[in-house]
2 protein chains.
Amino acid sequence: MAGIRAAQKEKTRRALIQAAMNQLSAEHGYASLSLREVTREAGIAPTSFYRHFQNMEELGLTLVDEGGLALRQLLRQSRQQIAKGGSIVRASVTTFMEFVANNTAIFRLLLQEKSGNSKEFRLAVQREVEHFTAELADYLVAEQQFPRELAALQADAIVRIVFSAGADVLDASGAERQELLEMTIAQVRIVARGAEATRTLARSAKS
Amino acid sequence: MAGIRAAQKEKTRRALIQAAMNQLSAEHGYASLSLREVTREAGIAPTSFYRHFQNMEELGLTLVDEGGLALRQLLRQSRQQIAKGGSIVRASVTTFMEFVANNTAIFRLLLQEKSGNSKEFRLAVQREVEHFTAELADYLVAEQQFPRELAALQADAIVRIVFSAGADVLDASGAERQELLEMTIAQVRIVARGAEATRTLARSAKS
DNA sequence: TATGTCAGTGAACGCGTGTTCACGCAATTC
DNA sequence: GAATTGCGTGAACACGCGTTCACTGACATA
């Protein structure tokens, strides 16, 4: 009843997930990841894989879930730090870019599967991104009193810009990353100003 | 000397390219495209492939080039729309979205290889996108008298938003596409307003 | 007309793959 | 202590793959 068996199973499961992560790189994506490779890296027999996942697809979806979770936790954390003052935009974008730089494999996975060849994967990633966008929109409504619709539009635009820039970060050198960061911050501010102008515009049209 | 031989070769080459295009779909991307599949679809022996391309990679880069070509045609088409007058933003974004809807395979290829596992591919796609951005920035400088730097920032943001929305179009139904189109138009206008506000801001800061 | 070139071919190769199966053996249950 | 459960295993399978090779036959050249 000690559950030593269940613990062993979980350990092996983690080993499989970690092995898959380790194999992901710029040259070798999830698509070209084989069951045998993963089990080899994890140090177990190929057949044992099926004790933990039905498919490579199931493993992949687990990876996507883990990636999305990590990203969201990080950003929530960064938003809390903002409450203390300082530039919201700068802090958030910087945090995001750091995440990308430090979790290359995960972000690359999300990015690739966003436009990958499995519908289920695409939906899973899209869900994560939408989750992301919704949190930002909520923030804009609550803290900056934007009307719901405009907040959604603005949040969607910002997320699109930031994720796209994040993708470019993957291939960029240190200096290029810095430049990309500054550009992205400037662009998010442009969007914010545009949303502000749009709000003012809508107000004066109403009266 | 009639070159009937060269003509035949070119014809087969085109058949290979076309065969590869045909095999590309939402479920079956370039990465999971095999030499044998392509030659089967093209109706030639697997070994004949090597008379035309050294690698699958070489074929792939050819496909990307074709995609880039199509994209540039799109730009020209877009410019013609603008010349007719009317809303520049609406016309341009609509044209782009129509392109995506009508050239699903090509756009999906560009999208996937933008974050794919071959550096050469990524660079090739990036070059095409940069061309796109530069073209838009030039327009903003010439027609709307934006300073170079702000125009570049704005163009980059717009391209990121539009390409990202284009990616979502691939999986969207007709109604969703319409909604996505309107959202994107609104977002591009927000960016334009934000850039305008930024320009004004910079001016008043100078004086 | 004789000679050379070269796109297309079919057989054959070795390789890595996903998946099946029956089995061993330790943890668990009764 | 006996019976059961279930994770991990190694052998075996059929399959599709990229690539090689020597060869054919229509076109090109001179």
Side-chain angles (χ1 to χ4, degrees), chain A residues 1-25 27-63 109 112-113 116-121, chain B residues 1-25 27-63 112-113 116-118 120-121:
Chain A
M1 66 141 76
I4 147 165
R5 195 170 195 143
Q8 266 304 328
K9 178 162 185 182
E10 180 60 19
K11 195 175 147 197
T12 311
R13 188 188 142 94
R14 296 305 314 173
L16 280 169
I17 292 174
Q18 195 51 56
M21 287 280 193
N22 289 348
Q23 309 248 14
L24 293 177
S25 70
E27 296 77 30
H28 201 76
Y30 167 81
S32 65
L33 206 60
S34 79
L35 184 150
R36 288 180 111 105
E37 268 181 310
V38 173
T39 53
R40 218 177 294 132
E41 168 89 13
I44 64 170
T47 47
S48 298
F49 181 91
Y50 296 104
R51 303 286 183 203
H52 303 273
F53 304 95
Q54 238 185 7
N55 275 335
M56 278 299 290
E57 173 142 352
E58 199 177 308
L59 207 205
L61 287 171
T62 305
L63 291 183
L109 174 74
Q112 287 182 346
E113 295 314 317
N117 296 112
S118 154
K119 182 141 198 169
E120 200 163 352
F121 269 60
Chain B
M1 71 138 70
I4 149 166
R5 193 170 197 142
Q8 265 306 328
K9 177 162 186 182
E10 180 61 18
K11 196 176 146 197
T12 309
R13 188 188 142 93
R14 295 304 314 174
L16 280 170
I17 293 174
Q18 194 53 53
M21 286 281 193
N22 289 347
Q23 309 247 15
L24 294 178
S25 70
E27 297 76 30
H28 201 77
Y30 166 80
S32 64
L33 206 61
S34 78
L35 183 150
R36 289 179 110 107
E37 268 181 309
V38 173
T39 53
R40 219 177 293 131
E41 167 91 12
I44 64 171
T47 47
S48 298
F49 181 90
Y50 298 103
R51 303 286 182 204
H52 303 274
F53 303 96
Q54 238 185 7
N55 273 335
M56 278 298 291
E57 173 142 354
E58 198 176 310
L59 207 206
L61 286 170
T62 306
L63 291 182
Q112 287 183 346
E113 296 314 319
N117 298 112
S118 154
E120 200 165 349
F121 272 58

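Letters A, B, ... are given to chains in the order of the sequence lines, protein chains preceding strands, and every chain is numbered from 1.
Counting non-hydrogen atoms under 4.0 angstrom, A:Ser34 reaches the backbone sugars and phosphates but no base. Across all strands shown, A:Arg40 has heavy atoms under 4.0 Å from sugar-phosphate atoms exclusively, and none from any base.
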* Take B:Arg14 and B:Lys11 through the test side-chain contact (heavy atoms from CB on, under 4.5 Å) and record every step on the way to the result. => CA-CA 5 Å; B:Arg14 295 304 314 174; B:Lys11 196 176 146 197; 5.8 Å; no
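Taking side-chain N and O atoms only, B:Ser48 has no distance below 4.0 Å to OP1 or OP2 of C:dA7.
Each of A:Leu35 and B:Thr12 lies near DNA chain C, and the nucleotide nearest B:Thr12 is the one positioned closer to the 5' end. Between A:Pro46 and B:Ala6, the residue anchored closer to the 5' end of DNA chain D is A:Pro46, taking for each the nucleotide with the nearest heavy atom.
Two residues are said to be in side-chain contact when any heavy atoms from C-beta on lie closer than 4.5 Å; B:Gln112 and A:Asn117 meet this criterion. Within the 4.5 Å cutoff, the side chain of B:Phe53 has no heavy atoms near those of the B:Leu61 side chain.
Atom CD of A:Glu41 and atom P of C:dT17 are 13 Å apart (whole Å). In this structure, CZ of B:Arg14 is placed 18 Å from C1' of C:dA7, rounded to the nearest angstrom. C:dT19 atom P lies 16 Å from atom NE2 of A:His52, rounded to whole Å. Computed from coordinates, the B:Phe49 CZ to D:dC21 C1' distance equals 19 Å when rounded to whole Å. Put simply, CE on A:Met56 is 7 Å from P on C:dG18, counting in whole angstrom units. In this structure, A:Leu33 atom CG and C:dG16 atom P are separated by 16 Å, rounded to whole Å. One atom, CD of A:Gln54, and another, C1' of C:dG18, lie 14 Å apart when rounded to the nearest Å. The distance from atom CZ of A:Phe53 to atom P of D:dC7 is 13 Å, rounded to the nearest whole Å.
Residue side chain A:Arg36 does not reach the base of C:dG16 through any donor-acceptor N/O pair under 3.5 Å, judged by distance alone. Taking only distance into account, the side chain of A:Thr47 meets the base of D:dG10 through a donor-acceptor pair shorter than 3.5 Å.
Around CD of A:Glu58, the count of heavy atoms belonging to other residues, nucleotides or ligands within 6.0 Å exceeds 12. For B:Glu10, the CD atom sits in a packed shell: over 12 heavy atoms of surrounding residues, nucleotides or ligands are nearer than 6.0 Å.
Distances were taken from every side-chain heavy atom of B:Arg5 (C-beta onward) to each of C:dT28, C:dC6, C:dT9; the shortest belongs to C:dC6. Nearest nucleotide to the side chain of A:Tyr50, out of D:dG18, C:dG18, D:dC23: C:dG18.
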